[in-house]
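The structure under discussion appears below in the form of C-alpha cells.
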Amino acid sequence: MSRKVVRASKFRHVYGQAVKADQCYDDIRISQMTWDSNFCSVNPKFVAMIVDASGGGAFLVLPLSKTGRIDMSQPTVCGHTGPVLDIEFCPHNDNIIASGSEDCSVMIWEIPDGGLVSPLKDPVVKLEGHSKRVGILSWHPTAHNVLMSAGCDNVVILWNVACGEAVVRIDSVHPDLIYSACWNRDGSQILTSCKDKTLRVLDPRKGTVLYEREKTHEGSRPVKAVFVSDGKILSTGFSRMSERQVALWDPKSFGEPLTLQELDTSSGVLLPFFDPDTGIVYLCGKGDSSIRYFEVTDEAPYVHYLSMYSSKESQKGMGYMPKRGLEVNKCEIARFYKLHERKCEPIVMTVPRKSDLFQEDLYPDTMGPEPSVEAAEWFEGKEGKPVLISLKDGFVTTTKSKEFKVHKSLLKTTAASSGHHNNSGEVHALQEEVNTLKEAVEELTKR
C-alpha cells in the first residue's frame, strides 16, 4: 500500500499575523469607490491610501513610522478634480508616486522625505491622453520613468514620464473594458485581461498581440491576471455559476490551462500578488476577510494550496510591500497593508524558523531600486534586465541624485512657467492684506 506523502515545501507552514493595534494607521476614511484596484501602495518609506474626498479626489501618503491615530487635518495629495482610482509608487524612486483618476488624467507627484506638511495640489507632471477615466497604472519594472496606464476608453498608453509624453498608444487591440494590465519581470511583455473574456500578451513597443486566449473564465465578472515564473500566467476569474476560479496558463500553448481550480462562491474580485523569489501567489478578495496563498511550481498540479490567513473584518483594498522593505531577520516573506473602512492594518507573512540568522534559501537576490535602462533607450528597443540586490544585511536605500535628475529639470520647467504667476499672486495677497488693515484702522478710528 502506498501512503500519500505530503509534498515537501519550505513554505508549507507560512502563517499570517496582523500587527498590534498601535502599529496600525487609524481613523482614515478609505475611499468608497466601487473599483477593483488595490487602493493602496507601499514602499520602504511610505504607505499611500486613496481616501474619501468631497469634491475631486485625494489620497493620503504617510511615512511608515507614523502609526496610530491619524489626525483629520493630515494633509493629502488633492490635485485631481475627480475621484482617484489607482495609485502606484515608482519602483526606482521611493518619493515618486503616480495616480490615475476619473478626471481622465494621470498625475506624477513628488513626496518630500518626512511626508507632507501641507496639502499637495500641484503635480510634477500631468499626463493627459485618455478620453475616459484612468483605472490602471503600472510602472515599468526595469526602465526608468516608463509608466503604463489603461483607461475606460479601452486604450493602453505607455508614457515617458520625464518628457510627459505618450510614446506608445495601444488603442485597436481591446474591444471592451480593460480589467487588468501588468508587466513581466523584465518589462519585455504586457499582459492584459479584458471584458471580452480574453487574455492577451502584447509587445509593448509595437502594441501587437503576441499570444491570446479567449474565454479563459466563463463568468462575466472581472478577470485579473499576472505573470508568474517562466513566463507562465496566473489568472483569477469566475465560472458561469459565479464560482471563483484560479487558473495557470502557458502562453506558448494557450489551448488548455495547466490547471484550473475552483475556490468558493463569492462576488469579490480576487487580486493576485506574485512573489517571484519564493514562487508564492497571494489571492486577496475584494470584500473578503481572508488572504489565500498558493505555491506555484513546475510539477502538476502546478498551483499548490498552502494556507489561508483569516480575520474578522473585510478588506477594501490591499497594499503589497516590495521585498527590500521586509524584516529579513524575522523570516518575513511578505507584508500586506490591509484597508478596512476606517483604518489600515499591516499583515506579516512569516516562515517559522528557530534561528534568527539570515536565511539564504528564503531570500535569493531580489529586484533592487536601480533601473537598468533609461526611458528613451527602452522605447528605442534596448532591453533592461532586472538589477538584483542581496538582502543579507538588510537593504539600505541609496537614493542617487541621478534618480531625481529628470524630475528636477521637469520641476524647473514647470516652476519657470509658473514663476510670473507666483509673483503676481504674492503681490495680490499683499494688496489684500493692506486693504484689510486699512479697513480695520478706519473702524477703530470710528469707534
Side-chain angles (χ1 to χ4, degrees), residues 4 7 11-12 14 16 34-39 135-136 174-182 191-201 211-228 232-251 253-275 279-297 299-318 320 336 338-339 347 349:
K4 189 175 181 209
R7 189 180 65 88
F11 303 112
R12 251 182 57 215
V14 171
T34 48
W35 186 253
D36 295 318
S37 68
N38 301 350
F39 280 28
I136 300 167
H174 302 93
D176 214 329
L177 187 65
I178 300 166
Y179 283 143
S180 75
C182 69
L191 168 64
T192 64
S193 64
C194 177
K195 198 173 180 179
D196 66 354
K197 301 181 189 174
T198 306
L199 284 183
R200 294 177 177 86
V201 178
Y211 312 103
E212 64 180 347
R213 172 71 163 81
E214 294 171 7
K215 293 259 171 76
T216 42
H217 296 275
E218 296 281 341
S220 55
R221 303 253 318 118
V223 172
K224 298 274 177 189
V226 288
F227 278 108
V228 294
K232 294 191 182 74
I233 289 169
L234 184 125
S235 65
T236 63
F238 295 80
S239 71
R240 203 172 279 153
M241 310 293 292
S242 305
E243 288 163 308
R244 293 201 287 196
Q245 298 174 325
V246 57
L248 190 70
W249 308 85
D250 184 353
S253 53
F254 235 157
E256 284 300 306
L258 296 170
T259 176
L260 192 146
Q261 301 173 22
E262 295 197 338
L263 301 177
D264 59 1
T265 309
S266 172
S267 61
V269 174
L270 287 166
L271 307 172
F273 297 92
F274 178 69
D275 175 6
I280 297 180
V281 64
Y282 302 88
L283 302 183
C284 310
K286 209 82 194 263
D288 287 13
S289 53
S290 61
I291 302 173
R292 287 183 176 80
Y293 38 104
F294 299 79
E295 191 175 354
V296 181
T297 64
E299 55 191 70
Y302 304 108
V303 179
H304 309 272
Y305 175 71
L306 288 172
S307 184
M308 178 158 78
Y309 163 79
S310 298
S311 58
K312 288 182 183 141
E313 295 190 56
S314 63
Q315 58 227 17
K316 294 180 70 71
M318 203 54 97
Y320 179 64
F336 288 95
K338 172 181 168 184
L339 303 185
I347 290 161
M349 297 286 179

In this structure, CZ of Phe238 is separated from OG of Ser266 (nearest 0.5 Å) by 7.0 Å

query: Okay, side chain of Lys195, backbone of Tyr179: is any donor-acceptor separation there less than 3.5 Å?
result: no

Judged by atom type as modelled, is there a donor-acceptor pair below 3.5 Å linking the side chain of Arg292 to the main-chain atoms of Gly285? no

Rounded to the nearest 0.5 angstrom, the CG-CG distance for Asp288 and Leu263 is 10.0 Å

On a heavy-atom basis, the closest approach of Ser290 and Ser310 is CB-OG, 4.0 Å

For Cys194 and Pro175 the tightest heavy-atom approach is SG-CD, 4.3 Å

Correct closest heavy-atom pair for Gln245 and Ser239 would be NE2-CB, 3.3 Å

(request) Hey, can you tell me if Phe336 and Tyr282 have their rings parallel, tilted or perpendicular (30° and 60° cut-offs)? (result) perpendicular

ask   = Relative to each other, are the rings of Phe273 and Tyr320 parallel, tilted or perpendicular (30° and 60° limits)?
value = tilted

Task: Side-chain (Glu313) to main-chain (Ser289) donor-acceptor, under 3.5 angstrom - done: no

>> Less than 4.0 angstrom from a charged side-chain N to a carboxylate O is my criterion; do Asp250 and Lys232 meet it?
In response: no

dist Met318:CE -> Lys286:NZ (nearest 0.5 Å) comes out at 10.5 Å

Between Phe254 and Ile233 the two heavy atoms that sit nearest each other are CZ-CD1, 4.0 Å

(Q) Would you say that Met349 contacts Ile280 through its side chain, given a criterion of any heavy-atom pair below 4.5 Å between the two side chains? (A) no

- Test item: Lys316 side-chain N/O and Phe39 main-chain N/O as donor-acceptor pair under 3.5 Å: no

Rounded to the nearest 0.5 Å, the CZ atom of Arg200 sits from the OG atom of Ser193 at a distance of 9.5 Å

Check Glu295 with Arg7, please: is the shortest side-chain N to carboxylate O separation under 4.0 Å? yes

Smallest heavy-atom separation, Ser235 atom then Val223 atom, equals CB-CG1, 4.4 Å

Nearest heavy-atom contact between Asn38 and Leu339 is O-CD1, 4.2 Å

The residue among Leu271, Leu234, Leu283, Leu270 that forms side-chain contact (heavy atoms from CB on, under 4.5 Å) with Lys224 is Leu271

With side chains defined as the heavy atoms from C-beta onward, is the minimum distance between Val269 and Arg221 less than 4.5 Å?
yes

So CH2 of Trp249 and CG of Leu258: to nearest 0.5 Å the spacing works out to 9.0 Å

When rounded to the nearest 0.5 Å, the distance separating CD of Gln261 from CD of Glu243 is 13.0 Å

